[in-house]
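Both counts, for ligands and for their atoms, begin at 1 and track the order of listing. Sequence positions, counted from 1, serve as the residue numbers for this chain.
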Amino acid sequence: MNPQDKTNPDIPTGIDLLREPLLNKSTAFTAEEQDELGITGLVPDGVDTEENQLSRVHLQLSQKSADIDRYVYLSSLQDNDETLYFKTLMSDPAHFMPLVYTPTVGEACQKFGHIMRRPRGLYISIKQKGRVAEILRNWPVDDVRFTVVTDGERILGLGDLGVNGMGIPIGKLALYTACAGVPPEVTLPITLDVGTNTDSLLNDPLYLGLRQPRVRGQEYDDFLEESVEAMGEVFPKCCIQFEDFANINAVPLLARYRDRVCCYNDDIQGTAAVAVAGISGALRMANSSWKDQTFLFLGAGSAGTGIANLITLAMIEDGVPEDEARKRCWMQDVNGLLVNSRDDIADFQKPFAHDHEPISDFVESIKAIKPTGIIGVSTVPKLFNQKVIEAMSEINEQPIIFPYSNPTSRSECTAEEAYKWSDGKAIFASGSPFPPVKYKDRTFVPGQGNNVYIFPALGMAIYATQAKRVTDKMFLCAAAAVAEQVTQENLDSGLIYPPQSSILVTSLHVAKKVAELIFDSDLAGVDRPDDIGAFIEAEAYKPDYRSYV
Ligand code: NAD
């Protein structure tokens, strides 16, 4: 049964209906509905069309001078009339994404305790240990299917924001709906409050979380264990997306739960998939294949090793033996090339430490390893300097240059630098967006390796199929499905991702492909339909008001 109907066995009337964001139609109740539902006089007499409602939203947004004010306005709209909120977002997802998610959500999180109007989602503090299932049952929907969970420790590039990090699960879940049609009523943002180590928050009288340093070690692990177990008990069909945990917790959490429950980590696996999608697009552009590639990463943290792991899988699928595939991924961190003789290599980095003499200079590493692509995940701006790009262009006809560090101010190079220093040869994509670049007689359209190509679509496939587990192959499948939607026209302009303006169409195609894999892998919780594409379309949320009479 579609939970859209299940959540609404009896419709409230009067003022209660107007206060129910999933049911409210604001100024669009017909005169007949107003009478029937006891709201005559509680709304103005004039009945709005959909176009009028949207025009009013656009007008009010245009009157605000700062994006944070637009964020606050849109949050209020979401609290008031969720259908109109999603109608707005889905009218132009590429335009609204930066307002409800990055970059504006970063500022919103920093100011969360100050701009908060009405709480959304669930806040579960470690003080409530032993009662997590009871708190989950306080949520008014009993068939939650998708939750984004954070402990607020590594919010974007902003660090430890404690419960202020709640803006991220809220914003991210809005994108699951706006970009791929996951029904909003089955989503649940959760913040696990284990304290914060950020003094400015602890000293802020308006901070709303626990005023204590972060809990670590066994007590933290036990709390996470209870939370994951309780989610399975209270919402048995729910997928958990771990979000913005610090690396020390993100990697072990994923390892502990990925084979036990339906879960994934977008920072690690979604990033990897979007990078692999970009490389697949690059290979189409260069008319090359995985088995001819060697990658050198600048940065060997969770993003870098996550990408390297999925690249390895892509190469294996292309016929490269596993050992050989790992050797095609090299990494350099703050202490130089990852080589076996170093004694500071973490376990998760070990598969990508190889036998080689130590090198500390990145250009020297390029000359020694001869990569076909470099991927910047170092968080440090400008490290892909002119010498780096020139060295890559000397050894490659079309060097793959991916400066993935976010935000724009941290990017290892700009699009303009990459095209200019490579004399127009670079195949470029970045973590943050860059405008088109004119170089000589060409205009290049740089791609953005935005995780939004992957996670909403994957979420839609998981939701629709009631998948039992999330596997790496699903990410690989999603990446391939993104890449195959890049048109020749896109490639001709240098673009290796589909345009973000068509994200909903892209996502539904990706969701269909991932759903096929879920059925093929026997991981679905529902029967295989005859037409999986039509099934996904039918399950996708449409921001239409219901008719009450
Ligand atoms: P991290 O802190 O885990 O890793 C950073 C790595 O960079 C470490 O290995 C560190 O040693 C290395 N490093 C730092 N300074 C360096 C230097 N001067 N030279 C060489 N290496 C250096 O961070 P992470 O979570 O892996 O994220 C890395 C970056 O990737 C961030 O900027 C993040 O915004 C970005 N990212 C982008 C996307 C995306 O665009 N889709 C997704 C996730 C992460």
Side-chain angles (χ1 to χ4, degrees), residues 97 101-103 105-106 153-160 168 172 175 242-252 254 264-279 296-310 329-338 342 344-350 352-353 358-366 374-385 388 402-413 415 428-434 446-456 475 478-479 482 496-497 500:
M97 248 189 281
Y101 202 59
T102 55
V105 74
E153 184 162 10
R154 202 232 56 182
I155 295 300
L156 307 172
L158 304 167
D160 180 356
I168 297 295
K172 201 139 190 172
L175 298 192
F242 296 114
E243 177 74 17
D244 281 359
F245 284 78
N247 282 338
I248 44 160
N249 291 319
V251 177
L254 182 62
Y264 67 98
N265 180 309
D266 182 57
D267 305 310
I268 300 173
Q269 296 163 289
T271 299
V274 85
V276 166
I279 297 168
L296 175 59
F297 289 76
L298 190 64
S302 59
T305 50
I307 297 169
N309 275 317
L310 204 63
C329 290
W330 291 77
M331 303 199 134
Q332 177 140 351
D333 70 2
V334 68
N335 296 320
L337 196 63
L338 260 61
R342 273 175 57 174
D344 62 344
I345 309 280
D347 279 350
F348 71 93
Q349 298 169 319
K350 279 186 181 149
F352 305 106
I359 304 180
S360 56
D361 180 74
F362 194 54
V363 174
E364 289 310 312
S365 293
I366 290 174
I374 50 173
I375 298 172
V377 272
S378 66
T379 71
V380 185
K382 299 292 167 207
L383 292 182
F384 289 176
N385 55 30
V388 166
F402 283 5
Y404 259 35
S405 286
N406 290 321
T408 314
S409 58
R410 301 257 179 110
S411 189
E412 283 82 1
C413 68
F428 178 91
S430 49
S432 298
F434 284 105
Q448 186 197 0
N450 190 328
N451 293 24
V452 81
Y453 286 114
I454 302 291
F455 69 81
F475 286 95
V482 171
I496 53 171
Y497 289 102
Q500 282 184 20

> Arg154: what forms a salt bridge (Lys or Arg N to Asp or Glu O under 4.0 Å) with it, not counting sequence neighbours?
Replying inline: Asp244, Asp267
> Please state which protein non-hydrogen atom is closest to atom 26 (O) of ligand 1 and give its distance, to 0.1 Å?
Replying inline: Ala303 N, 2.9 Å
> Donor-acceptor pair, Arg342 side chain versus Ala353 backbone, under 3.5 Å?
Replying inline: no
> With a cut-off of 4.0 Å, which atoms of ligand 1 are near a heavy atom of Thr271?
Replying inline: 38 (C), 42 (C), 43 (C)
> Does ligand 1 have an atom under 4.0 Å from some heavy atom of Met331?
Replying inline: no
> Which is it for Val380 and ligand 1 at heavy atoms under 4.0 Å: side chain, backbone, both or neither?
Replying inline: side chain
> What atoms of ligand 1 come within less than 4.0 Å of a heavy atom belonging to Tyr404?
Replying inline: 35 (C), 36 (N), 37 (C), 40 (O)
> Does the gap between the ring centers of Tyr264 and Phe475 come in under 6.0 Å?
Replying inline: yes
>> Give me the nearest non-hydrogen protein atom to atom 28 (C) of ligand 1 as residue plus atom name, then the distance to 0.1 Å.
In response: Val377 O, 3.2 Å
> Between Leu298 and ligand 1, which part of the residue brings a heavy atom under 4.0 Å of the ligand: side chain, backbone, both or neither?
Replying inline: side chain
> Closest non-hydrogen protein atom to atom 32 (O) of ligand 1, residue and atom name please, with distance?
Replying inline: Asn406 N, 3.2 Å
> For atom 12 (C) of ligand 1, what is the nearest protein heavy atom, given as residue, atom name and distance?
Replying inline: Gly299 CA, 3.8 Å
> How far does CD1 of Ile454 sit from CG of Asp266, to the nearest 0.5 angstrom?
Replying inline: 9.0 Å
>> Need the ligand 1 atom indices (1-based, order shown) with element for anything under 4.0 Å from a heavy-atom of Ser405.
In response: 29 (C), 32 (O), 35 (C)
>> I'd like to know if the side chain of Ser378 and the backbone of Gly299 have a donor-acceptor N/O pair within less than 3.5 Å.
In response: no
> Just by distance, do the side chain of Glu243 and the backbone of Ile168 share a donor-acceptor pair under 3.5 Å?
Replying inline: no
> Where is the tightest heavy-atom contact between Val251 and Ser302, given as atom of each residue plus distance?
Replying inline: CG2-CB, 4.4 Å
> Short list, please: which atoms of ligand 1 are under 4.0 Å from a heavy atom of Arg154?
Replying inline: 25 (O)
>> For the CD atom of Gln332 and the CD1 atom of Ile359, what is their distance to the nearest 0.5 Å?
In response: 7.5 Å
> Relative to ligand 1, is Asn247 under 4.0 angstrom through side chain, backbone, both or neither, heavy atoms considered?
Replying inline: side chain
> Looking only at heavy atoms, which two atoms of Tyr497 and Ala429 are closest? And how far apart?
Replying inline: CE1-CB, 3.8 Å
> Nearest protein heavy atom to atom 25 (O) of ligand 1, by residue and atom, and its distance?
Replying inline: Ser302 OG, 3.2 Å
> Can you list the ligand 1 atoms lying under 4.0 Å from a non-hydrogen atom of Ala300?
Replying inline: 6 (C), 8 (C), 9 (O)
> Among protein heavy atoms, which lies nearest atom 22 (C) of ligand 1, and at what distance?
Replying inline: Val334 N, 3.5 Å
> ligand 1 versus Leu156, non-hydrogen atoms closer than 4.0 Å: side chain, backbone, both, neither?
Replying inline: neither
> Looking only at non-hydrogen atoms, which of Asn450, Asp333, Ile454 approaches atom 20 (C) of ligand 1 most closely?
Replying inline: Asp333
>> Checking side chain to side chain contact (heavy atoms under 4.5 Å, CB included) between Met331 and each of Thr305, Leu296, Leu337, which is the one that passes?
In response: Thr305
> Which heavy atom of Phe434 sits nearest a heavy atom of Pro446, and at what distance?
Replying inline: O-CG, 3.5 Å
> How many angstroms lie between atom CZ of Phe384 and atom NZ of Lys382, to the nearest 0.5 angstrom?
Replying inline: 12.0 Å
> Identify the closest protein heavy atom to atom 4 (O) of ligand 1: which residue and atom is it, and at what distance?
Replying inline: Gly301 CA, 3.4 Å
> Just how far is it from atom CD1 of Ile268 to atom CD1 of Ile307, taken to the nearest 0.5 Å?
Replying inline: 11.5 Å
> What protein heavy atom sits nearest atom 14 (C) of ligand 1, and how far away is it?
Replying inline: Ser378 O, 3.4 Å
>> List ligand 1 atoms under 4.0 Å from Asn451, heavy atoms only on the residue side.
In response: 39 (C), 41 (N), 42 (C)
> Who gets closest to atom 23 (O) of ligand 1 by heavy atom: Thr379, Val274, Leu383?
Replying inline: Thr379
